[in-house]
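Worksheet for the structure shown next.
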2 protein chains.
Amino acid sequence: MYAPSEAARRSGFSLDTLRYYEKIGLLSVGRTSGGRRVFTDEDLGWLVLFRCLRDTGMPIAQMCRYAELAREGEHTAGERKALLEEHATRVEEQMRLLQHQYDHLREKIRFYEGLGDST
Amino acid sequence: MYAPSEAARRSGFSLDTLRYYEKIGLLSVGRTSGGRRVFTDEDLGWLVLFRCLRDTGMPIAQMCRYAELAREGEHTAGERKALLEEHATRVEEQMRLLQHQYDHLREKIRFYEGLGDST
DNA sequence: GCTTGACCTGGAGTGCGCTCCAGGTTGAAG
DNA sequence: CTTCAACCTGGAGCGCACTCCAGGTCAAGC
């Protein structure tokens, strides 16, 4: 059981972002009698996943879709897996593009090693 | 010498984006007597560079800085090179993070292979 | 000469993902 | 019991990188 600030510290998301994620229905966290949020280890697990998906460029709408499916129960496991696999494929493409452009960049830097060109 | 639509086609940027880049001073292209833009091969070269930098996540403000330095002449070559090297370093970090989160993602998918977990 | 499609400008609007704020509440420490 | 930092809510605002629009201009082909 973690207080909001602790959840923020552990997940790397800001308090505002955690509140935002709850507001849009991505996350649903428990409350104390007084109305304060209480994060469980399971919530933290979700945050780790969201960080993974966010860092790999998944749009929030798709994360919402995934979370919604998970809430619907075990029978959506196939669809959830498919969603992740499609995403993984896009990430692979992203990695290839990034590597390709990185190579370009390094080549450009090598031009400066010998002598600058005009661009 | 290329018309705007041809420059868009070759660079992969939209016409609006090309106009936008000019408006913010990132690019400066010639005109016909009638006021239409004319893109040279050198302009296209810049666009290739901008695509590389954009695809690797450089903010536009930094591209502007680079372009400005280039306009100032040969004596800024060192600073330009440093700018690109710093960027390349950030790209390397980005690639490491992406690879790391991709591995997470693949592991998550493997969970679904055996049987779904709840997240 | 006329048509028509590509082009021009300035400026407003969009989508995303937060981030900030005002004004009020809670609860642990002293 | 008091204090005060951490928390709450709804809603406005922001930064980025475009994208779209209205209303007008240019020039190649018929």
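Quick note on labels: first sequence line is chain A, next is B, and so on, each numbered from 1. Note that these values count all heavy atoms, side chains included, but never hydrogens, waters or copies made by symmetry.
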Suppose we screen for salt bridge (Lys or Arg N to Asp or Glu O under 4.0 Å). Which residues come up paired with [X], at least two apart in sequence or across chains?
X: A/Arg54; answer: none
X: B/Arg65; answer: B/Glu79
X: B/Asp43; answer: none
X: A/Arg71; answer: none

- prompt: Are B/Glu107 and B/His104 close enough, and set up right, to give a side-chain hydrogen bond (donor to acceptor under 3.5 Å, both in side chains), and what steps lead you there?
  reply: CA-CA 5 Å; B/Glu107 201 176 331; B/His104 270 193; 5.3 Å; no
Over how many whole Å does the gap from [X] atom [atom1] to [N] atom [atom2] extend?
X: A/Met58; N: C/dC16; atom1: CE; atom2: P; value: 15 Å
X: A/Glu22; N: C/dG17; atom1: CD; atom2: P; value: 18 Å
X: A/Met63; N: C/dG17; atom1: CE; atom2: C1'; value: 10 Å
X: A/Ile60; N: C/dC18; atom1: CD1; atom2: C1'; value: 8 Å
X: B/Leu18; N: C/dC7; atom1: CG; atom2: C1'; value: 13 Å
X: B/Tyr20; N: C/dT14; atom1: OH; atom2: P; value: 17 Å
X: A/Asp16; N: C/dC16; atom1: CG; atom2: C1'; value: 16 Å
X: A/Ile24; N: C/dG17; atom1: CD1; atom2: P; value: 8 Å

task: Any chance you could list the contact pattern along nucleotides 25-30 of chain C? Use B for base contacts, S for sugar-phosphate-only contacts and - for none, protein heavy atoms under 4.0 Å, 5' to 3'.
output: BBS---
Close approaches to DNA chain C from residues 1-10 of chain B, in residue order (heavy atom, under 4.0 Å): B/Ala3, B/Pro4, B/Ser5
query: 5' to 3' on DNA chain D, which nucleotides open and close the contacts with chain A (atom under 4.0 Å from a heavy atom)?
result: D/dA6 to D/dG11
task: Please name all residues satisfying side chain to side chain contact (heavy atoms under 4.5 Å, CB included) with A/Ala88, sequence neighbours left out, ordered by chain then number.
output: B/Tyr102, B/Leu105, B/Arg106, B/Ile109
All side chain to side chain contact (heavy atoms under 4.5 Å, CB included) counterparts of B/Thr76, not counting sequence neighbours: B/Leu69, B/Glu72, B/Arg80
query: Once you build an axis from the first five pairs and another from the last five of the helix from C/dG1-D/dC30 to C/dG30-D/dC1, how far apart in angle are they, to 10 degrees?
result: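 Nearest ten degrees gives 10° for this helix.
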Return the [atom1] to [atom2] distance between [X] and [Y], rounded to the nearest 0.5 Å.
X: A/Lys108; Y: B/Leu53; atom1: NZ; atom2: CG; result: 9.0 Å
X: A/Phe39; Y: A/Leu44; atom1: CZ; atom2: CG; result: 8.0 Å
X: B/Leu49; Y: B/Ser11; atom1: CG; atom2: OG; result: 12.5 Å

- prompt: With a non-hydrogen cut-off below 4.0 angstrom, is A/Arg19 in contact with a base, only sugar-phosphate, or nothing?
  reply: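 A/Arg19: base contact, heavy atoms under 4.0 Å.
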- prompt: So what does A/Phe13 touch, heavy atoms closer than 4.0 Å: a base, only the sugar-phosphate, or nothing?
  reply: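 No contact.
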task: Output yes when at least one side-chain N/O atom of B/Arg37 is less than 4.0 Å from OP1 or OP2 of C/dC8, else no.
output: yes
Phosphate contact (C/dC18 OP1 or OP2) by A/Ser14 side-chain N/O below 4.0 Å: no
task: Hydrophobic side-chain clustering at under 4.5 Å (ILVMFWY, transitive links): who's grouped with B/Met1? Put none if nobody.
output: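 Hydrophobic cluster check, B/Met1: joined to B/Val38.
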message: Using heavy-atom distances to pick each residue's nearest nucleotide on DNA chain D, tell me which of A/Lys23 and B/Gly57 is more 5'.
response: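 Comparing both residues, the 5'-ward one is A/Lys23.
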- prompt: Taking for each residue the nucleotide of DNA chain C bearing the nearest heavy atom, is the 5' side occupied by A/Pro59 or by B/Val38?
  reply: B/Val38
Donor-acceptor pairs under 3.5 Å, side chain of residues 15-25 of chain A to any protein atom, not counting sequence neighbours: which ones?
| unit_1 | atom_1 | unit_2 | atom_2 | d |
| --- | --- | --- | --- | --- |
| A/Thr17 | OG1 | A/Ser14 | OG | 2.9 |
| A/Glu22 | OE1 | A/Arg31 | NH2 | 3.2 |
| A/Glu22 | OE1 | A/Arg37 | NE | 2.4 |
| A/Glu22 | OE1 | A/Arg37 | NH2 | 3.1 |
| A/Glu22 | OE2 | A/Arg31 | NH2 | 2.9 |

field: Short N-O contact, A/Arg9 and A/Glu6, less than 4.0 angstrom
entry: yes
- prompt: Only one of B/Asp41, B/Val29, B/Thr40 clears side-chain contact (heavy atoms from CB on, under 4.5 Å) with B/Tyr2; which?
  reply: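 Result for side-chain contact (heavy atoms from CB on, under 4.5 Å) with B/Tyr2: B/Asp41.
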